[in-house]
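Input: a single structure, listed below in structure tokens.
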Amino acid sequence: NIQGIIFDLDGVLTDTAEYHYQAWQRLADEEGIPFNRQANEALRGISRRASLMLIIGDRRYSEVQIQEMMERKNDYYVELIQRITPKDLLPGAVSLLDDLRQAGLKIALGSASKNARVVVEKLGIIDKLDAIADGYSVQKPKPAPDLFLFAAQQLGLPATQCVVFEDAAAGIDAALAAGMWAVGMGPPERVGTAHIVLPSLAGVTWENLQGKFRDIAL
Ligand code: BG6
Ligand code: MG
């Protein structure tokens, strides 16, 4: 009996992953640390600090330097997201949001990003969301279930009645740890542990999702 849908933002509703990548690349170049698009794949969905830790590897930096680098990367990212418009919504996102609301479902955002609110405002979908869980909502980042549990609580729903749409392995792990239904967006190599795997939101409706959930004997 699904009553609520929780959407990750980066890589599900919009492709800010590219802007995160560009901001990290600029920082890595400035620091003389080897980094590239392929290395960036490992950063998908993980927190700002955990991302930086993966980039610096075993190079030694003080906490002060780490803080400064996180801020610098964020400054670059904030600069890049200023250009986001509703055109940056991924195909199918708006029609699915509208269809879900029409069907009486509650909708929340469940993003690890501290910039999530700005991004959804620029995308023009803030009015389509009943709750926002973002990088300020909880302490423990995905794969901990905390962020999604917070989102469900904001919607006033038990975890078992919520579905999470996620593009990152850490996000699928978080959804499963929360006891929620998980829809993985992208290749099975990445999100194959989700209950349902979809290539994109294009053409997805509440009716065909319900059908898929029925098939897995909900
Ligand atoms: C996630 C992104 O949504 O948010 C990650 O997928 C990012 O790439 C994380 O590191 C934290 O975002 P921010 O904007 O608070 O640095
Ligand atoms: Mg994501």
Side-chain angles (χ1 to χ4, degrees), residues 2 4-24 37-38 40-46 51 77-78 80-103 105-135 142 147-148 151 162-172 174-175 180-213:
I2 293 161
I5 313 286
I6 303 171
F7 286 96
D8 173 49
L9 177 64
D10 297 324
V12 173
L13 296 177
T14 187
D15 193 18
T16 37
E18 174 62 22
Y19 296 143
H20 280 294
Y21 162 67
Q22 288 179 21
W24 285 126
R37 236 169 235 288
Q38 202 202 322
N40 185 66
E41 268 304 298
L43 311 186
R44 189 177 281 271
I46 69 172
S51 300
Y77 181 69
V78 168
L80 289 166
I81 60 177
Q82 298 315 311
R83 62 178 76 152
I84 291 178
T85 73
K87 289 200 180 92
D88 292 298
L89 281 158
L90 287 170
V94 174
S95 48
L96 180 58
L97 288 170
D98 289 342
D99 186 50
L100 293 170
R101 172 158 287 180
Q102 188 72 31
L105 290 139
K106 293 262 172 271
I107 303 169
L109 192 76
S111 168
S113 175
K114 291 192 159 129
N115 298 294
R117 205 169 265 277
V118 176
V119 173
V120 290
E121 273 166 14
K122 296 219 165 263
L123 290 171
I125 55 166
I126 200 146
D127 295 341
K128 300 183 190 292
L129 304 170
D130 298 299
I132 293 181
D134 66 11
K142 302 171 192 176
L147 185 76
F148 292 141
C162 294
V163 176
V164 172
F165 279 75
E166 255 293 349
D167 69 311
I172 300 295
M180 297 178 179
W181 298 96
V183 179
M185 308 299 305
E189 302 82 77
R190 192 170 78 211
V191 293
T193 57
H195 296 98
I196 293 172
V197 175
L198 299 172
S200 82
L201 295 180
V204 178
T205 63
W206 175 230
E207 195 179 328
N208 64 38
L209 262 182
Q210 271 183 306
K212 289 193 202 302
F213 277 113

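Values below: every heavy atom of this structure, side chains too, minus hydrogens, waters and symmetry copies.
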In terms of the angle between their ring planes, are F213 and W181 parallel, tilted or perpendicular, with boundaries placed at 30° and 60°?
-> perpendicular
Can you see which heavy atom on L198 is nearest to which on K212, and at what distance?
-> CD2-CE, 3.6 Å
Applying side-chain contact (heavy atoms from CB on, under 4.5 Å), run through H195 and V183 and close with a yes or a no.
-> CA-CA 6 Å; H195 296 98; V183 179; over 6 Å; no
K122 and D88: CA distance, side-chain angles, deciding distance, salt bridge (Lys or Arg N to Asp or Glu O under 4.0 Å) verdict = CA-CA 9 Å; K122 296 219 165 263; D88 292 298; over 6 Å; no
If you measure from CD1 on I126 to CD on E121, what distance do you get to the nearest 0.5 Å?
-> 4.5 Å
Minimum heavy-atom distance between A116 and L109, given as atom pair plus value | CB-CD2, 3.9 Å
Crowding at CD, Q102 (>12 non-hydrogen neighbours, <6.0 Å) = no
Give the intermediate values and the outcome of salt bridge (Lys or Arg N to Asp or Glu O under 4.0 Å) for residues R44 and E166.
-> CA-CA 11 Å; R44 189 177 281 271; E166 255 293 349; over 6 Å; no
Between N208 and T205, do the side chains contain an N or O donor and an N or O acceptor separated by less than 3.5 Å?
-> yes
Any side-chain heavy atom of M180 sitting closer than 4.5 Å to one from I6?
-> yes
Minimum heavy-atom distance L96-W206, with the two atoms named = CD1-N, 4.3 Å
Should the heavy atoms of other residues, nucleotides or ligands under 6.0 Å from CZ of R101 be counted, would the total exceed 12?
-> yes
